[in-house]
Amino acid sequence: MRAHRGDHLVVESRTADGPRRDGEILGVHGSGGEPPYDVRWSDTGHVALVFPGPDAHITRPETDDDGR
């Protein structure tokens, strides 16, 4: 798993009816974009150091019409 600041970490629920959790990656501590990450969770605003498990993946933010 490799990420950059501004990417989003998404953690899928372990149960079919459980909530999905996501947050913005504010910091990357591993070399080459590897974990751990500082993540601000969207549901609470809390910032935590996260070591993602196999139920997590990275998404990139959408670009605007200018291609940014």
Side-chain angles (χ1 to χ4, degrees):
M1 177 177 295
R2 297 187 191 281
H4 300 91
R5 287 180 48 197
D7 289 348
H8 284 228
L9 179 69
V10 178
V11 180
E12 301 294 342
S13 173
R14 293 183 185 207
T15 61
D17 59 346
R20 176 186 209 185
R21 198 158 191 218
D22 69 279
E24 180 183 359
I25 296 174
L26 302 177
V28 177
H29 294 278
S31 62
E34 296 173 351
Y37 306 125
D38 292 320
V39 177
R40 180 176 41 229
W41 296 110
S42 62
D43 58 347
T44 64
H46 178 76
V47 176
L49 182 65
V50 178
F51 293 82
D55 54 347
H57 63 275
I58 301 294
T59 61
R60 302 282 188 280
E62 298 294 322
T63 58
D64 62 21
D65 291 336
D66 297 337
R68 292 184 284 161

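From a predicted model like this one, the values you see are computed outputs, not experimental measurements. The analysis underlying the following values was restricted to heavy atoms, covering all of them including side chains, and did not include hydrogens, waters or symmetry mates.
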Problem set entry | Close side-chain approach of Glu24 to Val47, heavy-atom, < 4.5 Å | no
Exercise. Among pairs that include at least one residue of residues 27-36, which meet salt bridge (charged side-chain N to carboxylate O under 4.0 Å, His left out), considering only residues two or more places apart or in two chains?
Worked result: Arg2-Glu34
Problem set entry | With sequence neighbours excluded, residues passing side chain to side chain donor-acceptor pair (under 3.5 Å) with Ser31 | none
Problem set entry | Flag side-chain contact, heavy atom, 4.5 Å: Phe51 against His29 | no
For this session: Treating Ile, Leu, Val, Met, Phe, Trp and Tyr as nodes and any side-chain heavy-atom pair under 4.5 angstrom as an edge, say whether Leu49 and Ile25 lie in one connected cluster.
Result: no
For this session: Check whether more than 12 heavy atoms from other residues, nucleotides or ligands sit under 6.0 Å from atom CZ of Arg14, and answer yes or no.
Result: no
Exercise. Does some side-chain heavy atom of Leu9 sit less than 4.5 Å from a side-chain heavy atom of Pro52?
Worked result: yes
For this session: Please tell me if the side chains of Val28 and His4 come closer than 4.5 Å, counting only heavy atoms from C-beta onward.
Result: no
For this session: With the side chain counted from C-beta on, respond yes when Pro61 and Asp7 share a heavy-atom pair under 4.5 Å apart, and no when they do not.
Result: yes
Seminar exercise, completed: d(Ser42 OG, His8 NE2) to nearest 0.5 Å is 8.5 Å
Exercise. Are Leu26 and Val10 connected in the hydrophobic side-chain network, where two residues link if heavy atoms are under 4.5 Å apart?
Worked result: no
Problem set entry | Residues Tyr37, Met1; criterion side chain to side chain contact (heavy atoms under 4.5 Å, CB included); working and verdict | CA-CA 11 Å; Tyr37 306 125; Met1 177 177 295; 3.6 Å; yes
For this session: Could you walk me through whether Glu12 and His57 pass side chain to side chain contact (heavy atoms under 4.5 Å, CB included), step by step?
Result: CA-CA 8 Å; Glu12 301 294 342; His57 63 275; 3.0 Å; yes
